[in-house]
Amino acid sequence: EVQLQASGGGLVQAGGSLRLSCAASGVTFDDYAIGWFRQAPGKEREAVLCISSTFGMVTNADSVKGRFTISSDKAKNTVSLQMTRLKPEDTAVYYCASAASSAYGCYEEGMNSREFKYWGQGTQVTVSS
């Protein structure tokens with residue numbers, strides 16, 4: 001059974017940094033693409049970044065380019081989302097998800113949200129101005 005658990009959310013001032021973690025069981029990051037998504041109140045869910053053994057880190061949301069990075073720790077089987085220079089518009093519930101394999105979901109040209117099959121519960125990130 002695949003389980004993902006996101007953690008690390010909280011309240012931070014604009015310009016600050018935050019690191020989210022996604023702990024996984026039932027998947028290994030060599031075999032599955034992992035993505036981070038977010039959903040702000042009243043808005044549709046947005047694909048942010050993903051990482052796969054094929055393409056490495058892929059940034060899908062232009063608004064986070066140069067500010068957010070994704071990395072994996074194989075020993076701990078976790079994927080982290082490092083967020084810097086946070087803005088109030090980054091406020092959202094952040095989710096991590098896994099595609100069915102490393103061949104799906106995370107591509108050089110971007111992410112396909114529909115190919116992410118397993119989802120963790122979200123963690124709230126609030127950026128104050």
Student: Looking at every heavy atom in both Ala92 and Ala40, which two are closest together, and how far apart are they?
Tutor: CB-N, 3.8 Å
Student: Would you sort out whether Val125 and Asp90 count as a side-chain contact (heavy atoms from CB on, under 4.5 Å), showing the intermediate values?
Tutor: CA-CA 8 Å; Val125 172; Asp90 294 319; 5.6 Å; no
Student: Within the side chain of Asp73, is there an N or O that forms a donor-acceptor pair under 3.5 Å with the backbone of Thr78?
Tutor: no
Student: Got a donor-acceptor contact below 3.5 angstrom from the Ser72 side chain to the Lys74 backbone?
Tutor: no
Student: Give a yes or no answer on whether the side chain of Thr126 reaches the backbone of Leu11 with a donor-acceptor pair at less than 3.5 Å.
Tutor: no
Student: Count I, L, V, M, F, W, Y as connected when their side-chain heavy atoms are under 4.5 Å apart, and connections chain through other members. Are Phe116 and Leu4 then in the same cluster?
Tutor: no
Student: Find out if a path of hydrophobic residues (ILVMFWY) with successive side-chain heavy-atom gaps under 4.5 Å connects Val93 to Met111.
Tutor: yes
Student: Would you check if there is a donor-acceptor pair between the side chains of Tyr118 and Glu1 at a distance under 3.5 Å?
Tutor: no
Student: Considering all heavy atoms of both residues, which atom of Gln121 and which atom of Ala6 are nearest to each other, and what is their separation?
Tutor: NE2-O, 2.8 Å
Student: With the side chain counted from C-beta on, respond yes when Ser98 and Tyr32 share a heavy-atom pair under 4.5 Å apart, and no when they do not.
Tutor: yes
Student: Below 4.5 Å, heavy atoms only, C-beta onward: do Gln13 and Val127 meet side chain to side chain?
Tutor: no
Student: Are any non-hydrogen side-chain atoms of Thr84 and Leu86 less than 4.5 angstrom apart?
Tutor: no
Student: Let me check something: do Met83 and Val79 share a hydrophobic cluster, defined by ILVMFWY side-chain heavy atoms less than 4.5 Å apart, either directly or through other members?
Tutor: yes
Student: Measuring from Asn77:CG to Cys22:SG, what's the distance to the nearest 0.5 Å?
Tutor: 9.0 Å
Student: Using side-chain heavy atoms (C-beta onward) and a distance below 4.5 Å, is Gln82 in contact with Ser17?
Tutor: yes
Student: Quick one: are Ser63 and Lys87 in side-chain contact, heavy atoms under 4.5 Å?
Tutor: no
Student: Hey, what do you get for CD1 (Ile34) to OG (Ser53), rounding to the nearest 0.5 Å?
Tutor: 10.5 Å
Student: Mind checking whether Val64 and Arg38 have side chains closer than 4.5 Å, heavy atoms only?
Tutor: yes
Student: With no hydrogens and no angle check, is any side-chain donor or acceptor of Asn112 less than 3.5 Å from a backbone partner on Cys106?
Tutor: no
Student: Please test Gln124 against Thr91 for side-chain contact (heavy atoms from CB on, under 4.5 Å), starting from the C-alpha separation and ending with a verdict.
Tutor: CA-CA 8 Å; Gln124 176 71 46; Thr91 295; 4.0 Å; yes
Student: Measure the OG1-CE distance between Thr69 and Met57 for me, rounded to the nearest 0.5 Å.
Tutor: 6.0 Å
Student: Counting only heavy atoms not in Glu109, do more than 12 fall under 6.0 Å of its CD?
Tutor: yes
Student: Same hydrophobic cluster for Val48 and Leu18, using side-chain heavy-atom links shorter than 4.5 Å among ILVMFWY?
Tutor: yes
Student: Is any NZ, NE, NH1 or NH2 atom of the basic residue among Lys65 and Asp62 found under 4.0 Å from an Asp or Glu carboxylate oxygen of the other?
Tutor: yes
Student: Take a 6.0 Å sphere around OH of Tyr104 and say whether it holds more than 12 heavy atoms from other residues, nucleotides or ligands.
Tutor: no
Student: Please confirm whether the ring centroid of Phe68 lies under 6.0 Å from the ring centroid of Trp36.
Tutor: no
Student: How long is the gap from OG on Ser113 to CZ on Arg45, to the nearest 0.5 Å?
Tutor: 6.0 Å
Student: Any donor-acceptor pair under 3.5 Å linking the side chain of Glu108 with the backbone of Phe55?
Tutor: no
Student: Is there a path of hydrophobic side-chain contacts, each under 4.5 Å between heavy atoms of I, L, V, M, F, W or Y residues, that connects Leu49 with Ile51?
Tutor: yes
Student: Kindly assign one of parallel, tilted or perpendicular to the pair Trp119 and Phe37, based on the angle between their ring planes and the thresholds 30° and 60°.
Tutor: tilted
